[in-house]
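Okay, so here's the structure we're looking at.
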Amino acid sequence: MSDAKNSRAKNSSAKSSNSTHFGFQQVGIEEKVTKVNNVFSSVADNYDLMNDAMSLGIHRLWKRSFVSMASLHPGDKLLDLASGSGDIAIKIAQSCPKYGELAVTDINADMLEQAKKNLLDNGIIDKVKFEIADAQDLQFPDAYFDSAFMSFGLRNVADKQRALNSVYSKLRSGGHFWVLEFSHPTNATLAKVYDSYSFNVIPKLGQWLAKDEASYQYLVESIRMHPTQEELKDMFIKAGFINCHYYDISMGIVAIHKGVKP
Ligand SMILES: C[S@@+](CC[C@H](N)C(=O)[O-])C[C@H]1O[C@@H](n2cnc3c(N)ncnc32)[C@H](O)[C@@H]1O
């Protein structure tokens with residue numbers, strides 16, 4: 001078993017003792033929330049620049065494919081979780097300009113400020129709500145949204161199953177949940193090259209461009225600790241979703257997951 005798989009296995013058995021992982025470290029659930037918040041407060045100002053540098057701009061294509069897979073309709077109530085600097089919310093608004101409501105949410109106030117600024121710069125203000133929200137414990141009315149989106153957010157959440165359950169309760173019957181997340185490469189050679197790039201280059205890039213090596217070390221470790229495509233699909237099913245599918249992109253470096261509320 002690889003180190004990452006080994007750690008993932010240890011993590012699932014440690015869940016009963018109220019602990020989880022923060023990158024490769026085992027930490028308490030509350031401690032993870034604080035540490036993740038510190039990471040995103042620290043990277044907020046350089047978040048967009050670093051995304052472009054680390055992925056050579058490819059994250060834009062992944063995000064475009066992600067939003068284009070959803071079929072959105074005029075009047076839809078739409079929820080973007082873990083919005084970060086607002087990339088997905090902007091793409092949602094551009095792909096469905098007659099949406100009924102767009103909730104732009106994040107647990108971190110510094111990241112949500114970046115989202116506000118970027119949506120405003122793109123002229124997206126009408127029927128938009130910005131809210132601090134923990135994906136594990138959403139405070140919206142039940143059965144409210146037509147679609148929910150979460151891009152590169154789920155792996156940072158301390159209790160992912162709780163987040164999936166919470167999103168499920170806020171979707172109407174027939175509503176879709178879409179998740180875009182780093183995943184696990186499907187090709188062994190690519191996995192080796194990708195591991196080498198991730199561990200040797202990304203933290204150094206973080207130090208060079210954002211003066212923050214530790215946060216980017218967390219990023220690469222958190223990707224290895226994220227459930228596999230099949231494991232995450234099972235979590236969707238456990239939450240109650242039907243028609244659960246995933247689509248590997250860039251040979252599994254990222255995957256798009258979809259589930260429908262019956
Ligand atoms: C890597 S960023 C992704 C931002 C954006 N969605 C994108 O695709 O570029 C991850 C975001 O998840 C947020 N986050 C972490 N834990 C969260 C939670 N429990 N609930 C909601 N957002 C969370 C962080 O604050 C951060 O803004």
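For ligands, and for the atoms within them, numbers begin at 1 and follow the listed sequence. The residues of the chain are indexed from 1 along the displayed sequence. What you see is a predicted model; the values in this text were computed from it and never measured.
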Verify the distance criterion only: is there a donor paired with an acceptor across the side chains of [X] and [Y] at less than 3.5 Å?
X    : Y    : result
E221 : Q217 : yes
S85  : D48  : yes
E131 : T105 : no

Self-check item: Heavy-atom nearest neighbour of atom 21 (C) of ligand 1 within options S151, A133, G153
Solution: A133
Kindly say whether [Y] contributes a backbone atom to a donor-acceptor pair with the side chain of [X] at under 3.5 angstrom?
X    : Y    : result
T228 : E231 : yes
N122 : I124 : no
S83  : G86  : no

State whether the shortest distance between N or O atoms of [X] and N or O atoms of ligand 1 falls below 3.5 angstrom.
X    : answer
D106 : yes
M150 : no
K63  : yes
Y47  : yes
A135 : yes

For ligand 1, which atoms, with element, lie under 4.0 Å from some heavy atom of [X]?
X    : answer
N108 : 25 (O)
D134 : 18 (C), 19 (N), 20 (N)
V157 : 18 (C), 19 (N)
V36  : 15 (C)
G84  : 4 (C), 27 (O)
M111 : 27 (O)
I107 : 14 (N), 15 (C), 16 (N), 17 (C), 18 (C), 19 (N), 20 (N), 21 (C), 22 (N), 23 (C), 25 (O)

Got the closest protein heavy atom to [atom], with its distance?
atom                    : result
atom 5 (C) of ligand 1  : S83 O, 3.3 Å
atom 10 (C) of ligand 1 : F152 O, 3.3 Å
atom 12 (O) of ligand 1 : A82 CB, 3.3 Å

Quiz item: In this structure, which one of L78, L119, D80 forms a side chain to side chain contact (heavy atoms under 4.5 Å, CB included) with V128?
Solution: L119
Exercise. Output yes when D146 and K77 qualify as a salt bridge under the 4.0 Å nitrogen-oxygen rule, no when they do not.
Key: no
Quiz item: Do K98 and D76 sit within salt-bridge range, that is, some charged N less than 4.0 Å from a carboxylate O?
Solution: no
Quiz item: Once the angle between the rings of H257 and F236 is folded into 0 to 90°, is it parallel (under 30°), tilted (30 to 60°) or perpendicular (over 60°)?
Solution: parallel
